[in-house]
Amino acid sequence: MTESNRIEFKRELTDELDIEKEVVAFLNYREGGILYVGIDDGGKAVGVSDIDGDMLKIKDRIRKNVMPSPMGLFDVTAETVDGVKVIKVFVASGSEKPYYKAKYGMSTRGCFIRVGTAAEPMTTTMIEDLFAHRVRNSLGRIKSPRQDLTFSQLRIYYEEKKHPFNENYLRNLELLTEDGALNYVAYLLADENGNSIKVAKYAGTNRVDLISNNEYGYCSLLTATRRVLEKLKVENAISTELTYMSRIDTPLWDERAIHEAVINFIVHNDYSREVPPKFEIFSDRLEITSYGRLPENMSEDEFFSGVSIPRNKELMRIFRDVEMVEALGSGMPRIMQVYGRECFTFMEHFIRLTVPFYKNVTDNVTDNVTDNVTDKEAVINLNPRQNKILEIMKSDIRISTSELAERLSVAQRTIKRDVELLKQKGLVTRVGNERTGYWVVLK
């Protein structure tokens, strides 16, 4: 690991270390970045002696000394590098640029941006240009249609995680507009509101025969999210695969990846038009659709690589507090480990994830399997990535697992696990060793 436009190393946290400058520079940079404390300039991990204490200091300094509020845009965690504990500060690109050090205000002394491997002062022209393009319709600035809101459910979630929920919670959680009114974030998280998320189920592959249409809402968005996750868990039926070696039970979709997708599509939905995300279950696929195009200046390649630009930083902060989000920026890489780019569709006003079910390769399989049809031929379930591996092996029989991993943008251990499963299913075999051998696809 080396320093780059998105990675910065600091040996230790001291009073002299201008950590605020580094964070401001990443907030203003279109891709955000990561600051490591406990790694020297040469990339050697030296560790942190008081990791818990330094993490608290870093959180407090960023929260107090950076403006506009960066809450929901950064995450401070401990990580092991070369056997020692270091601090990782993940910083997303913000939508309220320019960010600045509160001490110096929106000036050339307070505003910085990442240039190469350094945080450089911004010019007056750059500051004025960013301010002119600042996103001003964020949920935190939109006044709630109701001001008689209560937050009993939100309190329960915070108290479950031992987080303080005192009389200043409205301001601490950024649930107020600049003039002190409850904002739209507060409306979405209130005990009662007009927001509802639908989970529809159809008998076939189109929207003609509706089996059920469940609504989860009119309550805190946290509660609605949990109910959607519970519903999809129930719907994730198990299919049975009979191979020549064993019987394998497989769900319709990867539960962890879809859990991440549900959270992402709910947290990053554009609620400013009062259009909630929707979830639709067909006979062959699951579709998740959220309102809102990609954030301004974000490309599809950046989206798939995990660059994080939270649309609703206040919601992200709260979902992170109650541990519905594990770590900022972790969702998309986990989804991409299982489902490829081809599963995403970008429309003018919507983003959709289409998840094909793990389905039988052999068509028209009945319970009355004849004597001349083996178990192996009867039922074989593959996910989209495993089917893609077989396709690639057919066209390039000498491809290695490391090349497969690079081609599909997933970890090599994931490819090895898939290949082992394909071998067990009797779909592929390796002739010779990893270096000089080749694949024989039996499918």
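Aromatic ring centres of Tyr158 and Tyr169: separated by at least 6.0 Å. Residues Phe151 and Phe165 place their aromatic rings such that the two centres sit no closer than 6.0 Å.
Shown here for Glu12 and Val37, the closest heavy-atom pair between the two residues is C-CG1, 3.9 Å. Nearest heavy-atom pair across Ala257 and Arg334 is CB-O, 4.2 Å. Smallest separation of non-hydrogen atoms from Lys201 and Leu210: O-CD1, 3.4 Å.
Using a cutoff of 4.0 Å between basic side-chain nitrogens and carboxylate oxygens, Asp60 and Arg63 are scored as salt-bridged. Look at Glu342 and Lys388 and you find no salt bridge, because none of the NZ, NE, NH1 or NH2 atoms lies under 4.0 Å from a carboxylate O. Look at Glu160 and Arg226 and you find a salt bridge, because one of the NZ, NE, NH1 or NH2 atoms lies within 4.0 Å of a carboxylate O, short of that distance. Under the 4.0 Å criterion applied to side-chain N and carboxylate O atoms, Glu280 and Arg285 are not assigned as salt-bridge partners. A salt bridge links Asp301 and Arg341; the closest N-O separation between the charged side-chain nitrogens and carboxylate oxygens is under 4.0 Å. The pair Glu20-Lys103 does not meet the salt-bridge criterion, since no charged nitrogen lies less than 4.0 angstrom from a carboxylate oxygen.
Side chain to side chain, Ser93 and Lys97 meet the donor-acceptor criterion of an N or O pair below 3.5 Å. Between Thr117 and Glu3, the side chains place no donor N or O within less than 3.5 Å of an acceptor N or O (distance only, hydrogens not considered). Looking only at atom types and distance, the side chain of Glu96 has no donor-acceptor partner in the side chain of Ser138 under 3.5 Å away. With no hydrogens or angles considered, a side-chain donor-acceptor pair links Tyr29 and Asn5 at under 3.5 Å. Looking only at atom types and distance, the side chain of Asp284 has no donor-acceptor partner in the side chain of Thr205 under 3.5 Å away. Side-chain contact of Thr354 with Tyr339: a donor-acceptor pair under 3.5 Å is absent, judged by distance alone.
The CG atom of Leu188 sits 8.0 Å away from atom CG of Asn312, with the distance rounded to the nearest 0.5 Å. Separation of atoms CD1 (Ile309) and CD (Glu302) is listed at 7.0 Å; rounding is to 0.5 Å. With rounding to the nearest 0.5 Å, the separation of CE in Met324 from CG in Leu222 is 5.0 Å.
In the displayed structure, Arg11 atom CZ is contacted under 6.0 Å by at most 12 heavy atoms of other residues, nucleotides or ligands. For CZ of Arg273, the number of neighbouring non-hydrogen atoms (other residues, nucleotides, ligands) closer than 6.0 Å is 12 at most. Few gaps surround CD on Gln147; more than 12 heavy atoms of other groups in view lie less than 6.0 Å from it. Within 6.0 Å of CD on Glu255 lie no more than 12 heavy atoms contributed by other residues, nucleotides or ligands.
Note on ring orientation: taking the six-membered ring where Trp is involved, the planes of Phe346 and Phe344 are parallel (angle under 30°, cut-offs 30° and 60°).
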